[in-house]
Asks: 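Shown below is the structure under consideration.
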Amino acid sequence: MNKNTTKEKICAFYASDYHFEMISLPYIHKKMEKQDEIIILTENNLEETMKTFLSKTNLKENKKKEILQLNWKNNDLEKFKEIKTKENKEKDMIIFIKGKENYIRNVNRNIEKWIPEKNHVKIIDCYDIEEVGENLDEIMGQYKKILKTVGEEEIEKI
């Protein structure tokens, strides 16, 4: 992974699509309150699982609709165009990249090409824990923070 001083990188680990949604939803909700731009780049379509997940939460209906308006589909080209149009705004941008390790690596390479150096871009690489389980320490060693349900936490180096 490239060292990049202006884009903040965070990692997260999930066991299933629902688990990813459970981890990311409180964070997404908080960032939406701050009017941050949120983009979800995902290897698989999360639209239906997110609808199901939100139906089981106690969020107000208007918040559920707002969250569902985020693009939960796996249409990367469309999302890269969206990133390009939104990156000139003065808002902070949060980009979730969810998928297998190879997908995350390729998307990050493309982001480096598509987005110029900006201080207001936060990239959250979300790894499938079953795929990277044996390399967990190695992957976490590439990041300073991890996203948990309680929010961002510093990774304590051993």
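Predicted model, so just to flag it, every value in this text is computed and none were measured.
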Asks: Are the side chains of V150 and E153 in contact, using a 4.5 Å heavy-atom criterion?
Replies: yes
Asks: Are I23 and L70 co-members of a hydrophobic cluster defined by side-chain heavy atoms under 4.5 Å apart?
Replies: yes
Asks: For a 4.5 angstrom cut-off between non-hydrogen side-chain atoms, does R105 reach K100?
Replies: no
Asks: Side chains of L147 and F96: does their closest heavy-atom pair fall under 4.5 Å?
Replies: yes
Asks: How long is the gap from CG on L41 to CD1 on I124, to the nearest 0.5 Å?
Replies: 12.0 Å
Asks: Check the hydrophobic clustering (I, L, V, M, F, W, Y; side-chain heavy atoms under 4.5 Å; chains of links allowed) and say if F13 and I123 are grouped together.
Replies: yes
Asks: How would you list, by chain and number, every residue that makes a side-chain contact (heavy atoms from CB on, under 4.5 Å) with D36, sequence neighbours excluded?
Replies: K31, K34, D92, I94
Asks: So, for E130 and D128, which heavy atoms are closest and what is the spacing to 0.1 Å?
Replies: N-OD1, 2.9 Å
Asks: Applying side-chain contact (heavy atoms from CB on, under 4.5 Å), run through T57 and L25 and close with a yes or a no.
Replies: CA-CA 10 Å; T57 67; L25 187 63; 4.1 Å; yes
Asks: Below 4.5 Å, heavy atoms only, C-beta onward: do Y18 and T52 meet side chain to side chain?
Replies: yes
Asks: Run the salt-bridge test on E61 and K64 with the 4.0 Å N-O cut-off and return the result as yes or no.
Replies: yes
Asks: Check whether any side-chain N or O of K122 sits under 3.5 Å from a backbone N or O of I95 as a donor-acceptor pair, and report yes or no.
Replies: no
Asks: Are there over 12 heavy-atom neighbours, none belonging to E134, within less than 6.0 Å of that residue's CD?
Replies: no
Asks: Is the backbone of I67 close enough, under 3.5 Å, to the side chain of W72 for a donor and an acceptor to pair up by distance?
Replies: yes
Asks: Do Y127 and M22 share a hydrophobic cluster, counting only Ile, Leu, Val, Met, Phe, Trp and Tyr and linking them when any side-chain heavy atoms are less than 4.5 Å apart?
Replies: no
Asks: If I take atom CG from residue N108 and atom CD1 from residue I97, how far apart are they, to the nearest 0.5 angstrom?
Replies: 4.0 Å
Asks: Salt-bridged, E112 to R109, with N to O below 4.0 Å?
Replies: no
Asks: Between E78 and K73, is the closest basic N to carboxylate O distance under 4.0 Å?
Replies: no
Asks: Return yes if some donor-acceptor pair links the side-chain N/O of K98 with the main-chain N/O of D125 below 3.5 Å, else return no.
Replies: no
Asks: Looking at side-chain heavy atoms only, is the closest gap between K144 and I155 below 4.5 Å?
Replies: no
Asks: Do I10 and L136 belong together in a cluster built from hydrophobic side chains that touch within less than 4.5 Å?
Replies: no
Asks: Between T49 and F20, is any pair of side-chain heavy atoms under 4.5 Å apart?
Replies: no
Asks: Give, for atom OG of S24 and atom CE of M50, the distance between the pair rounded to the nearest 0.5 Å.
Replies: 5.0 Å
Asks: If we count only N and O atoms by modelled type, under 3.5 Å, do the side chains of E21 and Y14 hold a donor and an acceptor together?
Replies: no
Asks: For N45, does its backbone N or O pair with a side-chain atom of T42 as donor and acceptor, under 3.5 Å?
Replies: no
Asks: Going from CD on E82 to CD1 on I38, what distance comes out if it is rounded to the nearest 0.5 angstrom?
Replies: 11.0 Å
Asks: Check the pair E8 / E152 against side-chain contact (heavy atoms from CB on, under 4.5 Å), numbers first and verdict last.
Replies: CA-CA 12 Å; E8 185 178 356; E152 296 174 24; 3.9 Å; yes
Asks: Quick one, I39 with N71, criterion side-chain contact (heavy atoms from CB on, under 4.5 Å). Give me CA distance, side-chain angles, the key distance, then yes/no.
Replies: CA-CA 7 Å; I39 310 282; N71 188 340; over 6 Å; no
Asks: Side-chain contact, heavy-atom cut-off 4.5 Å: V121 with I111?
Replies: no
Asks: Drop me the distance from K9's NZ to Y143's OH, to the nearest 0.5 angstrom.
Replies: 5.0 Å
Asks: Does some side-chain heavy atom of M140 sit less than 4.5 Å from a side-chain heavy atom of I146?
Replies: yes
Asks: Do I40 and L77 share a hydrophobic cluster, counting only Ile, Leu, Val, Met, Phe, Trp and Tyr and linking them when any side-chain heavy atoms are less than 4.5 Å apart?
Replies: no
Asks: Judged by atom type as modelled, is there a donor-acceptor pair below 3.5 Å linking the side chain of E131 to the main-chain atoms of E101?
Replies: yes
Asks: To the nearest 0.5 Å, what is the distance between CG on L59 and CD on E66?
Replies: 10.0 Å
